[in-house]
Number of protein chains: 2
Amino acid sequence: MALTAGDRRGRDGIPDATIARLPVYHRVLTGLAERGVATVSSDELAEASGVNSAKLRKDLSLLRTHGTRGVGYDVEHLLSQIGRELGLSQEWPVVVVGVGNLGRALANYGGFASRGFRLVGLLDSDPVRFGELVAGVMVRPVTDLAALAHAEQVAIGVIATPAVAAQQVCDVLVAAGVRSILNFAPAVLSVPDGVDVRKVDLASELQILAYHEQRKSAAGIVRTGVSA
Amino acid sequence: MALTAGDRRGRDGIPDATIARLPVYHRVLTGLAERGVATVSSDELAEASGVNSAKLRKDLSLLRTHGTRGVGYDVEHLLSQIGRELGLSQEWPVVVVGVGNLGRALANYGGFASRGFRLVGLLDSDPVRFGELVAGVMVRPVTDLAALAHAEQVAIGVIATPAVAAQQVCDVLVAAGVRSILNFAPAVLSVPDGVDVRKVDLASELQILAYHEQRKSAAGIVRTGVSA
DNA sequence: ATCTGTGAATTTCTTCACAGCA
DNA sequence: TGCTGTGAAGAAATTCACAGAT
């Protein structure tokens, strides 16, 4: 889990665990396509994605994909199927709230503009930053958030503010109709039903690593690692 | 998950899913302690942590904690038990490789220094950055990485480089004895057994949100959201 | 009366293992 | 023969529901 758990009905049947892996497959396939690879077997793709090949095949079968027995999967075709499933065929307007180092890093993140996401707003509460251009987008006062979110039909809001501001920003986003939120602030957000929140939490990740590190040191034991 | 799956033996029995939630409990409890709250019930703590209370109780019982029936848990005691379990009682030397906006954001991240983690190195491949002070730490050439990791007994390496450099940096970290890696680069890392990798992947998170967003738009349906 | 601790039921996810198509 | 697709088995995680402590 980056780490979001919650209840999630069967939808049309694609499990969360599978959805969470699709972006990885998509990225690996993109790399293969760029290198001109035409077909790939489940073993190869699974290896490159760091998963078990039976799991990969099961994941793909849930997308009603079809490989060719004895051959493998068509890279381009698989790419477009996964892309469509993930909703990458349309463009999602995104706002980033909080233009500190993290907000800047996110705004400048290449994969952002590249695939399906368009940064339509950068907001901050510090007047010093108003008007500044970051990744070609002008920083606006966070008080413009509601209007902007409505005007641009923002689908996804990214919270990169300090923890204390996070819930408040979240509330404004939700009130403005944003139903998908990516939260980088170390705070638990509460939202109404129908709103999805995913969190990215540096401190948690470090602490989880520290736990395992401690176990490793504890008894000079050789153990099996986790690969991501 | 954030998102790391892999095989993980029972250790002394604490499941991964539980470990991944401990940092959240720890953070919430820290907030309660600061506000002078002495005891907390499983319902309250679960609510504030965004989890089901039975799950919380089960998680805590795995730590051999003990609450008082009819009352709840002692906040301070629970904090120290979770902290100890997570290995926060000792200090973990951390290096960050890649001093772009993301690396800076990580270096300046408050929770870094505050709880159990000490930034002992910032490395980059761009000579322009050498010598620069970030969060009080001088940026050094990435070629110093191996020596530094050895000298400082680095436990955790954070990769905040572009994707193309990630595997190479990872290899150096591993060769230098680092067995816990937090990877922010959009790349699948391969590591030997005994090395833990956790990944934080912005593009994946956005794509997962896009998937759900698409489902929501598809059929104007009211559904249950995910809370983090 | 309240709230913990936990067996048992349930659901979700993973892995195995192999039938069957190319 | 090589590799996919999947039923069935297995493992892990979640949730229920309630006995029992305070």
**Q.** Presence of A/N52 side-chain N/O under 4.0 Å of C/dC13 phosphate oxygens OP1/OP2
**A.** no
Q: Taking only the side-chain heavy atoms of A/R69 (C-beta and beyond), determine which of C/dC3, C/dT14, D/dC3 contains the nearest atom.
A: D/dC3
Q. Taking for each residue the nucleotide of DNA chain C bearing the nearest heavy atom, is the 5' side occupied by B/V40 or by B/K58?
A. B/V40
Q | Rounded interatomic separation in angstrom, taking NZ from A/K55 and C1' from D/dA11 | A | 12 Å
Q) B/A17 has a side chain; which of C/dA17, C/dG5, D/dA13 sits nearest to it? A) D/dA13
Q) When you check the phosphate oxygens OP1 and OP2 of C/dT14, does a side-chain N or O of A/R21 lie under 4.0 Å from one of them? A) yes
Q) Are A/S42 and D/dC3 close enough that a side-chain N or O sits under 4.0 Å from OP1 or OP2? A) no
Q) Among the nucleotides C/dT6, C/dC3, D/dT4, which one has an atom lying closest to any side-chain atom of B/R57? A) C/dT6
Q. If only side-chain N and O atoms of B/H66 are considered, is one of them under 4.0 Å from the OP1 or OP2 phosphate oxygen of C/dT4?
A. no
(Q) If you only use heavy atoms from C-beta on, which nucleotide in C/dC13, C/dT6, D/dG5 is closest to the side chain of A/P15? (A) C/dC13
Q. Is it true that atom CD of A/Q167 has more than 12 heavy atoms of other residues, nucleotides or ligands lying nearer than 6.0 Å?
A. yes
**Q.** Spacing of NZ belonging to A/K55 relative to CZ belonging to A/R21, to within rounding of 0.5 Å
**A.** 4.5 Å
Q: Take B/G70 and A/D43, find for each the nucleotide of DNA chain D with the closest heavy atom, and name the residue whose nucleotide sits nearer the 5' end.
A: A/D43
**Q.** Protein-nucleotide distance (A/D16, atom CG; C/dT11, atom C1'), rounded to Å
**A.** 13 Å
Q: Please check if the side chain of A/W92 supplies one atom and the backbone of A/G87 the other of a donor-acceptor pair under 3.5 Å.
A: yes
Q. In whole angstrom, what separates B/L56's CG from C/dT6's C1'?
A. 14 Å
Q) Does atom CD of A/Q168 have more than 12 heavy-atom neighbours, drawn from other residues, nucleotides or ligands, at distances under 6.0 Å? A) no
Q: Could you check how far CG of A/D59 sits from P of C/dC13, rounded to whole Å?
A: 10 Å
(Q) Check the phosphate of C/dT4 against B/T68, side-chain N and O only, distance under 4.0 Å to OP1 or OP2. Yes or no? (A) no
Q) Got a donor-acceptor contact below 3.5 angstrom from the B/S41 side chain to the B/E44 backbone? A) yes
